[in-house]
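Scope of the values below: all heavy atoms of this structure, side chains included, with no hydrogens, waters or symmetry mates. Reminder, nothing fancy here: chain letters follow the sequence lines and each chain counts from 1.
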Amino acid sequence: MPELPEVEILARHLGPLLKNRTIRGVEVLRKRVIAPTTELELAKALRGATFDDLIRRGKYLLFGLRSPDRDKPTLLLGHLGMTGRMFLIDPAASVPKHAAVTLDLGNLRFVFEDTRYFGRLTLDTEALSRLGPEPLGPEFTPKYLAAELKRSTQAIKIKMLDQSLVAGVGNIYASEALFCARISPRIAARRLKPAQISRLCECVREVLNRAINLGSTLALTFAGDGSSDGLFYYGSDGTNAGSLEERFAVYDRAGLPCGVCQTPIRRIVQAARSTYYCPQCQR
DNA sequence: CACCATGTTCCTTG
DNA sequence: CCAAGGAACATGGT
């Protein structure tokens with residue numbers, strides 16, 4: 001569940017649940033997800049530490065912890081990769097098959113589970129230094145975007161996925177934002193006109209905000225039960241998540257009619273990833 | 001068996 | 001040095 005809106009919703013839910021809980025033990029089941037931190041370093045930094053705050057930056061989660069024996073707060077960086085999830089379970093309950101890291105919180109167990117193990121939970125915060133501005137923050141302006149795009153020959157869709165351009169937009173919302181802005185995903189970034197850049201800037205904010213607002217309305221438990229614990233965006237469960245077509249105008253809708261002009265939505269491959277767009281509306 | 005999947009990093013090429 | 005392209009990572013669903 002991993003683009004900016006989903007990470008934002010997770011942070012809002014998990015933050016209050018973790019606040020003031022102290023870590024009693026650390027269990028690493030997949031070393032690769034904590035790299036380059038070692039098991040020893042992680043256990044040393046986290047055991048006895050207490051959760052303070054949880055914020056999102058791009059698609060990253062930043063856990064702030066305080067320790068009785070340390071002056072400075074400890075920062076723990078999380079990333080969900082493609083399939084990562086984080087939730088709290090009863091310590092007596094079984095740990096999921098692809099659990100990568102678990103934290104003993106006494107009467108609760110924090111679980112970071114990730115079937116593909118592309119995610120991260122690490123003390124290494126270097127990745128943050130490579131991130132561009134927050135799309136919902138004040139730095140992400142048409143002026144900024146124009147300056148960044150003017151030398152790039154890359155297709156705008158591919159450029160939107162560049163986390164150093166803007167942090168948090170992924171494959172789904174890149175397609176959605178370009179549809180909203182009526183811009184062809186194939187056009188070279190440097191060819192965008194000022195009016196298009198302004199629309200794109202606004203549309204990025206709009207699609208992300210709408211997804212966050214939708215996520216805020218859902219009753220999520222983050223209990224790891226698989227139905228309402230954060231998989232609000234793919235999920236079989238149309239019950240509280242709403243169907244895909246209610247949420248996405250073009251993503252995963254190849255062959256289905258465009259909601260504006262009825263032209264069939266097209267799927268193309270760019271940088272080895274699917275892009276969906278309306279060939280009529282997006283010129 | 002084939003192809004597809006919400007992401008990032010590393011290596012190569014130009 | 002930089003931009004861009006592609007492979008790798010790992011597992012599961014269809």
Side-chain angles (χ1 to χ4, degrees), chain A residues 1-11 29-37 56-61 77-86 96-101 112-122 124-132 135 148-178 186-191 204 207-208 210-212 214-215 226 229-237 241-242 244 247-255 267-276:
Chain A
M1 48 166 274
E3 290 185 39
L4 184 151
E6 293 75 37
V7 180
E8 175 67 25
I9 295 300
L10 176 60
L29 298 104
R30 274 282 177 150
K31 292 181 187 175
R32 93 180 298 274
V33 311
I34 68 168
T37 303
R56 178 197 58 74
R57 172 81 173 92
K59 300 172 197 171
Y60 290 88
L61 289 162
L77 189 72
H79 195 289
L80 299 171
M82 297 272 261
T83 53
R85 296 160 62 201
M86 294 181 184
K97 180 179 179 186
H98 294 294
V101 178
F112 173 36
E113 178 253 11
D114 185 358
T115 39
R116 291 172 73 179
Y117 302 110
F118 286 177
R120 286 287 180 276
L121 192 64
T122 177
D124 174 27
T125 58
E126 252 301 295
L128 295 177
S129 69
R130 294 188 284 272
L131 294 181
E148 292 295 310
L149 297 183
K150 71 180 177 194
R151 277 178 224 87
S152 176
T153 57
Q154 249 179 346
I156 185 61
K157 157 61 165 37
I158 301 172
K159 201 67 190 165
M160 300 286 298
L161 299 178
D162 180 349
Q163 301 299 294
S164 70
L165 173 71
V166 56
V169 175
N171 203 42
I172 292 177
Y173 295 107
S175 281
E176 293 296 307
L178 288 168
R186 328 161 76 118
I187 188 175
R190 71 201 306 181
R191 304 268 182 242
V204 165
V207 300
L208 296 179
R210 289 189 64 178
I212 291 171
L214 173 64
D229 61 358
L231 294 175
F232 61 89
Y233 112 35
Y234 258 4
S236 35
D237 120 86
L244 261 172
R247 273 172 290 151
F248 303 136
V250 291
Y251 183 78
D252 204 24
R253 289 176 54 81
R267 172 186 180 269
I268 59 173
V269 174
Q270 297 179 287
R273 313 200 63 191
S274 293
T275 298
Y276 299 88

Worksheet item: Is there side-chain contact between A:L80 and A:M86, with at least one heavy-atom pair below 4.5 Å?
Response: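 A:L80 reaches A:M86 side chain to side chain.
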
Atom-to-atom span, [atom1] of [X] to [atom2] of [N] - whole angstrom:
X	N	atom1	atom2	answer
A:D162	B:dG7	CG	P	13 Å
A:R273	B:dT9	CZ	P	13 Å
A:M82	B:dA5	CE	P	8 Å
A:R267	B:dC3	CZ	P	12 Å
A:N171	B:dC4	CG	C1'	12 Å
A:L149	C:dA3	CG	P	13 Å
A:L165	B:dT8	CG	P	13 Å
A:Y251	B:dG7	OH	C1'	12 Å

Between [X] and [N], is there a contact of a side-chain N or O with OP1 or OP2 at under 4.0 Å?
X	N	result
A:Q163	B:dG7	no
A:R120	B:dG7	no
A:K59	B:dT6	no

Worksheet item: What would the secondary structure line of DNA chain C be in dot-bracket form, counting Watson-Crick and G-U wobble pairs under 3.5 Å, with [ ] for pairs that cross earlier ones and | for pairs with another strand?
Response: .||||||||.||||

Please output the side-chain donor-acceptor pairs of residues 154-169 of chain A that fall under 3.5 Å, not counting sequence neighbours, one pair per line with the distance.
{"residue": "A:K157", "atom": "NZ", "partner": "A:N171", "partner atom": "OD1", "Å": "2.7"}
{"residue": "A:K157", "atom": "NZ", "partner": "A:T275", "partner atom": "OG1", "Å": "3.0"}
{"residue": "A:D162", "atom": "OD1", "partner": "A:S164", "partner atom": "N", "Å": "2.9"}
{"residue": "A:D162", "atom": "OD1", "partner": "A:S164", "partner atom": "OG", "Å": "2.7"}
{"residue": "A:D162", "atom": "OD2", "partner": "A:S164", "partner atom": "OG", "Å": "3.4"}
{"residue": "A:Q163", "atom": "OE1", "partner": "A:G168", "partner atom": "N", "Å": "2.9"}
{"residue": "A:Q163", "atom": "NE2", "partner": "A:L161", "partner atom": "O", "Å": "3.1"}
{"residue": "A:Q163", "atom": "NE2", "partner": "A:V169", "partner atom": "O", "Å": "2.9"}

Roughly how far, to the nearest 0.5 Å, is the [atom2] atom of [Y] from the [atom1] atom of [X]?
X	Y	atom1	atom2	answer
A:L149	A:R151	CG	CZ	10.5 Å
A:L128	A:L77	CG	CG	5.0 Å
A:I34	A:L121	CD1	CG	8.5 Å
A:L214	A:I9	CG	CD1	8.5 Å

Discussion item. Taking B:dT6 as the reference, what is the distance to C:dA4 when you measure between their C1' atoms (whole Å, please)?
Written reply: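 Going atom to atom, C1' in each nucleotide, I get 23 Å.
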
Fill in: Spacing of the P atoms in C:dA10 and B:dC11 (rounded, Å)
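Between the two P atoms, the distance is 15 Å.
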
Item to complete: Map A:A127 and A:T83 onto DNA chain B by nearest heavy atom, then report which one ends up closer to the 5' terminus.
Response: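 Nearest-nucleotide comparison on DNA chain B picks A:T83.
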
The criterion is side-chain hydrogen bond (donor to acceptor under 3.5 Å, both in side chains); which residues satisfy it with [X], sequence neighbours excluded?
X	result
A:Y60	none
A:T153	none
A:R267	A:S274
A:R57	A:E134

Worksheet item: Side chain of A:E176, backbone of A:A249: donor and acceptor closer than 3.5 Å?
Response: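 Answer holds: yes.
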
Item to complete: Under the ring-ring contact (aromatic ring centres under 6.0 Å, His included) rule, collect the residues that match up with A:Y276, sequence neighbours excluded.
Response: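 If we apply the ring-ring contact (aromatic ring centres under 6.0 Å, His included) test to A:Y276, skipping adjacent residues, the hits are A:Y251.
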
Practice prompt. Could I get the full list of salt bridge (Lys or Arg N to Asp or Glu O under 4.0 Å) partners for A:R130, not counting sequence neighbours?
Written response: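 A:R130 satisfies salt bridge (Lys or Arg N to Asp or Glu O under 4.0 Å) with A:E126 only.
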
Worksheet entry | Residues in salt bridge (Lys or Arg N to Asp or Glu O under 4.0 Å) contact with A:E8, at least two apart in sequence or another chain |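 Listed in chain order: A:R12, A:R56.
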
Check nucleotides 12-14 of chain B for protein N or O atoms closer than 3.5 Å to its own N or O atoms and list the pairs.
none

Worksheet, complete the sentence: Given protein heavy atoms under 4.0 Å, the one-letter contact record of nucleotides 7-14 of chain C, with B base, S sugar-phosphate only and - none, is simply --BBBS--

Worksheet item: Near DNA chain C, under 4.0 Å by heavy atom, which residues of residues 152-161 of chain A?
Response: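 Close to the strand are A:S152, A:T153, A:Q154.
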
Item to complete: Measure from NZ or CZ of A:R32 to the centre of the six-membered ring of A:Y117 and say whether it is under 6.0 Å with the direction within 45° of the ring axis.
Response: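 No cation-pi geometry.
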
Worksheet item: Counting any heavy atom closer than 4.0 Å, what does A:S274 reach on the DNA or RNA strands: base, sugar-phosphate only, or nothing?
Response: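 Here A:S274 touches the backbone only, sparing every base.
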
